[in-house]
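Here's the structure, in structure tokens; my notes come after.
Computed from a predicted model, the values in this text were never measured in an experiment. Along the sequence shown, the residues carry numbers beginning at 1.
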Amino acid sequence: MVLRALLLDYAGVLTDVGAQRLYAAVRTARAHGVRTALLSNAGGGPEAREAFGDRFDAVVFSGDVGVAKPDVAVYRLTADRLGVTPGECVFVDDSAVNVAGAVSAGMVGVRHVSVDETVAELEALFPFSVSGSG
């Protein structure tokens with residue numbers, strides 16, 4: 001199946017040193033027609049949605065939707081909000097348990113250890129340079 005969506009956790013991934021490269025990867029993915037989402041177990045709220053809404057096609061905070069990672073329902077809900085199936089999604093999180101939950105939902109899971117490693121994984125999964133350099 002073709003990968004058509006990229007979902008990222010916030011704390012531990014988009015807060016990592018060098019995370020601007022991950023935000024750039026999100027921009028590049030969107031420019032190539034990939035749907036993007038922020039999926040976080042944080043409380044969220046209007047301020048958080050406003051802060052991230054222009055960077056992602058969907059912003060899902062567990063505190064807002066009443067289901068949290070690693071429950072497969074939150075991954076399915078996020079895929080649905082993007083208009084894709086879970087099997088078309090790549091999910092990035094620093095928690096192995098949360099990555100396993102995404103895989104259980106049918107997604108491709110990427111465990112974030114460093115920005116360099118995550119960018120390399122995304123480069124291998126998507127048919128374009130997520131860093132925008134190729």
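In this structure, the side chain of N41 does not engage the main chain of S62 through any donor-acceptor pair within 3.5 Å. A side-chain donor-acceptor contact under 3.5 Å links Y75 to the backbone of N98. Judged purely by atom type and a 3.5 angstrom limit, R30 uses its side chain to pair as donor or acceptor with the backbone of R55. Within the 3.5 Å criterion, the main-chain N or O of L82 finds a donor-acceptor partner in the side chain of R35. Formation of a donor-acceptor pair under 3.5 Å by the E117 side chain with backbone atoms of S114 is not found in this model. Remark: the backbone N or O of D94 is paired with a side-chain donor or acceptor of R111 at under 3.5 angstrom.
V13 has its side chain out of reach of T118: every pair of non-hydrogen atoms, C-beta onward, lies at least 4.5 Å apart. Residues V60 and L7 form no side-chain contact, since every pair of their non-hydrogen atoms from C-beta on lies 4.5 Å or further apart. The side-chain heavy atoms of D54 and F52, taken from C-beta on, include no pair separated by under 4.5 Å. Between V119 and V130 there is a side-chain heavy-atom pair separated by less than 4.5 Å.
Under the 4.5 Å side-chain heavy-atom criterion for ILVMFWY residues, no single connected hydrophobic cluster contains both L122 and L39. Hydrophobic clustering places V92 together with V115 (ILVMFWY residues linked when any side-chain heavy atoms are closer than 4.5 Å, directly or through intermediates). Hydrophobic clustering (ILVMFWY, side-chain heavy atoms < 4.5 Å, transitive): L6 and V110 are in one cluster. When hydrophobic clusters are built by joining Ile, Leu, Val, Met, Phe, Trp and Tyr residues whose side-chain heavy atoms come closer than 4.5 Å, directly or via intermediates, V26 is grouped together with F61. Taken together through direct or relayed side-chain contacts under 4.5 Å among Ile, Leu, Val, Met, Phe, Trp and Tyr, L125 and V99 form parts of separate hydrophobic clusters.
Between atom CG of residue D71 and atom NZ of residue K69 there is a gap of 12.5 Å, rounded to the nearest 0.5 Å.
A donor atom on one side chain and an acceptor atom on the other are not found under 3.5 Å apart for D9 and H112.
A pairwise comparison of heavy atoms in G87 and L3 identifies O-CD2, 4.0 Å as the closest pair. Minimum heavy-atom separation, T85 to A79: C-CB, 4.1 Å. The two atoms that bring F91 and A102 nearest to each other are CD2-CB, 3.5 Å, heavy atoms only. In plain terms, the two heavy atoms of L38 and F56 that are nearest each other are N-CD2, 3.6 Å. Between R76 and S104, the shortest heavy-atom distance links the atoms NH2-O, 4.4 Å. Residue S129 comes nearest to T28 through the heavy atom pair O-CG2, 3.2 Å, listed as atom of the first residue, atom of the second, then distance.
The pair D116-R21 meets the salt-bridge criterion, with a side-chain N (NZ, NE, NH1 or NH2) lying under 4.0 Å from an Asp/Glu carboxylate O.
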